[in-house]
Enquirer: 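Dropping a structure here in structure tokens format, bear with me for questions.
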Amino acid sequence: MSANLGAWLCVLAAVAVAAVLPPAADALGMNWGTQATHPLSPRIVVQMLKDNGIKKVKLFDADQATLSALAGTDIEVMVAIPNNLLDLMNEKDNAREWVRHNISRYHFDGGVNIKYVAVGNEPFLASYNGTFDKVTFPALQNIQNALNDAGFSEIKATVPLNADVYNSPSANPVPSAGRFRTDVTQLMTQMVQFLANNSAPFTVNIYPYLSLYLSADFPVDFAFFDGLATPVVDGVNTYTNVFDANFDTLVSALAAVGHGDLPIIIGEVGWPTDGDKHANNALAKRFYDGLLPRLAANTGTPLRPAQYMEVYLFGLLDEDVKSVAPGAFERHWGVLRFDGQPKFPMDLTGKGQNTMLVPAKGVRYLPRTWCVYNPNAEDKSKLVENVNYACTFADCTALGLGSTCYGMDVNGNASYAFNMYFQVQNQKDEACDFQALAVPTQTDPSTAACNFPIQIAASSTSGGRRRTRAGPLGAVALFVLALAQLLISH
């Protein structure tokens with residue numbers, strides 16, 4: 001996920017649903033990721049999509065339970081082939097079998113309304129160092145050909161790409177100078193030609209938030225749509241936000257290889273709500289309050305004005321085991337919490353109404369029990385390693401600098417870490433001990449800013465829970481350890 005342009009261009013919560021819910025903007029879809037220790041039941045999520053008038057959904061796999069829940073809904077679906085399967089799809093027989101198993105068995109009248117197949121996910125990301133460069137295009141060809149041969153030519157194969165596959169030169173950082181990255185120019189030219197030949201769209205993920213996150217010099221207001229930023233002038237066109245500038249950089253790159261009119265889908269765009277100083281509910285609301293009315297009005301961009309734009313917001317739900325390699329914010333992209341509860345007012349119709357998304361229904365939770373630091377613990381010498389353990393197997397990203405739980409005292413930080421692990425482990429008695437450093441409580445330790453969650457009950461999830469490693473010890477966990485060491489010293 002990236003937003004390159006030169007140097008720095010580089011609902012109704014507790015209320016019953018209204019009798020007639022206004023539909024979401026026709027072009028609006030949602031990314032539905034499931035990298036969570038306790039994912040919501042697919043049937044609960046699908047009902048929530050319907051309750052909110054969401055007509056399109058983009059998946060990251062072709063999970064059977066998910067597709068079965070979508071059957072009969074008429075929600076348009078983009079199913080996906082993960083990067084680790086691209087090599088297999090280089091064999092035509094494997095591609096045909098994948099289509100038979102994941103498309104033919106679901107795509108029929110009354111089944112799943114599959115519209116696209118996402119072949120990989122950002123496979124040409126510069127940080128992958130070419131790992132998928134040789135296998136992505138053959139996989140795309142084989143999947144589209146297999147779809148055509150199976151009688152599904154109306155389903156289009158596409159490749160969701162990171163916006164770092166194109167840029168404009170630092171000497172002339174304007175959209176009209178946009179070109180594909182030199183190391184993938186030939187590959188992109190071939191792939192774009194294939195997409196055009198098959199009437200398939202180009203799919204790109206654009207993240208204004210990351211422009212802000214990755215560059216201290218990036219002008220904050222340029223990430224939003226409210227016209228407060230100093231504009232960028234490019235010939236006869238003026239840009240007041242990085243989304244338009246980034247999109248038109250892609251349009252120019254496509255034009256440079258002879259396909260400036262190729263349809264473009266925004267595969268991912270959104271704003272995280274935790275894990276960084278710029279990741280919060282207020283800025284997320286500001287971002288969506290600008291984006292959604294533009295989509296509803298088909299505003300378009302300077303190079304493609306007054307055009308319908310198909311967009312998938314990223315994402316639907318928070319995911320507590322996503323990799324935090326890009327940043328702690330990665331687990332907080334959802335417009336809804338992990339349990340399907342809305343975070344802030346959001347009007348998907350683009351009419352600017354102060355309304356909340358309709359929450360998930362029928363969610364069951366574990367008992368109202370938390371795990372907190374035991375202030376009477378006699379031996380604090382093992383506190384560091386226990387906090388380390390908790391944050392390795394649970395999500396502590398909310399404790400980081402600028403995050404919602406940052407600034408609590410040392411007891412609060414240790415308690416947060418212990419509780420997150422306790423909830424991930426389904427509140428097992430042995431999960432709230434930490435060598436006598438923790439105790440269970442029925443008193444909610446949450447503060448005005450920091451929520452100590454109660455996890456979803458296993459019966460509300462898609463299956464049995466596994467013990468999930470949240471990832472290697474990172475900056476957030478190190479921060480917690482530093483606080484733990486302070487506690488020991490006192």
Side-chain angles (χ1 to χ4, degrees), residues 37 272-284 318 320 324 327-332 337-339 341 343-344 365-425 427-455 470-490:
T37 57
T273 58
D274 211 346
D276 178 59
K277 64 181 180 179
H278 289 122
N280 56 58
N281 287 355
L283 291 182
D318 284 348
D320 66 345
V324 293
F329 55 83
E330 278 294 334
R331 295 175 179 172
H332 305 280
R337 295 182 351 140
F338 70 96
D339 56 355
Q341 303 305 304
K343 298 177 179 180
F344 51 84
Y365 296 86
L366 296 173
R368 287 181 57 82
T369 303
W370 295 263
C371 180
V372 296
Y373 171 72
N374 179 10
N376 299 317
E378 295 180 1
D379 182 7
K380 300 181 178 67
S381 63
K382 299 294 180 66
L383 184 59
V384 171
E385 64 185 67
N386 278 280
V387 171
N388 177 357
Y389 185 86
C391 288
T392 298
F393 289 97
D395 178 25
C396 293
T397 52
L399 291 173
L401 180 66
S403 300
T404 54
C405 295
Y406 176 76
M408 292 191 297
D409 61 21
V410 287
N411 288 11
N413 281 279
S415 293
Y416 187 88
F418 292 157
N419 184 66
M420 293 303 287
Y421 178 83
F422 180 61
Q423 302 298 332
V424 165
Q425 295 298 318
Q427 298 186 2
K428 294 177 183 177
D429 290 342
E430 60 270 26
C432 187
D433 181 66
F434 294 100
Q435 296 180 285
L437 291 166
V439 291
T441 180
Q442 278 71 52
T443 301
D444 188 351
S446 299
T447 68
C450 179
N451 177 56
F452 282 59
I454 295 293
Q455 190 52 264
L473 187 63
V476 174
L478 289 173
F479 169 75
V480 178
L481 295 187
L483 291 175
Q485 290 169 328
L486 282 174
L487 179 61
I488 293 169
S489 67
H490 289 78

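Predicted model only: the values in this text are computed from it and were never measured. Quick note: residue numbers are just sequence positions, from 1.
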Enquirer: When rounded to the nearest 0.5 angstrom, what is the spacing between CG in N376 and CD in E378?
Expert: 9.0 Å
Enquirer: Between the main-chain N or O of C450 and the side-chain N or O of T447, is there a donor-acceptor pair closer than 3.5 Å?
Expert: yes
Enquirer: Could you pull out all residues at least two apart from V439 that satisfy side-chain contact (heavy atoms from CB on, under 4.5 Å)?
Expert: V372, N374
Enquirer: Quick one: are F338 and Q455 in side-chain contact, heavy atoms under 4.5 Å?
Expert: yes
Enquirer: Taking side-chain hydrogen bond (donor to acceptor under 3.5 Å, both in side chains) as the test, write out the residues that go with D444, two or more places apart.
Expert: S446
Enquirer: Within this structure, what is the NE2-CG distance for the pair H332 and D320, rounded to the nearest 0.5 Å?
Expert: 9.0 Å
Enquirer: A side-chain contact here means heavy atoms from C-beta on lying under 4.5 Å apart; do W370 and I454 qualify?
Expert: yes
Enquirer: Quick one: list whatever passes ring pair (Phe, Tyr, Trp, His ring centres under 6.0 Å) with F452, sequence neighbours left out.
Expert: Y416
Enquirer: Do the side chains of Y373 and V410 get nearer than 4.5 Å, heavy atoms only?
Expert: no
Enquirer: What residues, two or more places apart in sequence or in another chain, satisfy side-chain hydrogen bond (donor to acceptor under 3.5 Å, both in side chains) together with D429?
Expert: none
Enquirer: Looking only at non-hydrogen atoms, find the nearest pair between C391 and A417 and report the distance.
Expert: SG-CB, 3.7 Å
Enquirer: Report the distance from atom CG of L437 to atom CG of D379, rounding to the nearest 0.5 Å.
Expert: 7.0 Å
Enquirer: For P272 and A284, which heavy atoms make the closest approach, and how far apart are they?
Expert: O-CB, 4.3 Å
Enquirer: Could you check if a side-chain atom of K277 sits within less than 4.5 angstrom of a side-chain atom of L401, using non-hydrogen atoms only?
Expert: no
Enquirer: Determine whether M420 and P453 make a side-chain contact, defined as any pair of heavy atoms from C-beta on separated by less than 4.5 Å.
Expert: yes
Enquirer: In chain order, what residues pass the salt bridge (Lys or Arg N to Asp or Glu O under 4.0 Å) check against D339, with sequence neighbours excluded?
Expert: R337
Enquirer: Taking the side chain as C-beta and beyond, is there a heavy-atom pair between Q423 and D395 under 4.5 Å?
Expert: no
Enquirer: With side chains defined as the heavy atoms from C-beta onward, is the minimum distance between L399 and M408 less than 4.5 Å?
Expert: yes
Enquirer: Test of understanding: with ring pair (Phe, Tyr, Trp, His ring centres under 6.0 Å), list the residues that count as partners of F418, not counting sequence neighbours.
Expert: F434
Enquirer: Go through the structure and list residues passing side-chain contact (heavy atoms from CB on, under 4.5 Å) with T369, not counting sequence neighbours.
Expert: P367, F422, Q427, P440, Q442
Enquirer: Can you measure from CZ (F344) to CG (L283) and round to the nearest 0.5 angstrom?
Expert: 10.5 Å
Enquirer: Going from CG on D274 to OG1 on T397, what distance comes out if it is rounded to the nearest 0.5 angstrom?
Expert: 6.0 Å
Enquirer: If the condition is salt bridge (Lys or Arg N to Asp or Glu O under 4.0 Å), which residues does D318 pass it with, not counting sequence neighbours?
Expert: K343
Enquirer: Distance-only, no hydrogens or angles: does the N386 side chain make a donor-acceptor pair with backbone N or O of K382 under 3.5 Å?
Expert: yes
Enquirer: Nearest 0.5 Å, please: how far is SG in C371 from CG in D433?
Expert: 8.5 Å
Enquirer: Please enumerate all residues that pass side-chain hydrogen bond (donor to acceptor under 3.5 Å, both in side chains) together with T441, with sequence neighbours excluded.
Expert: none
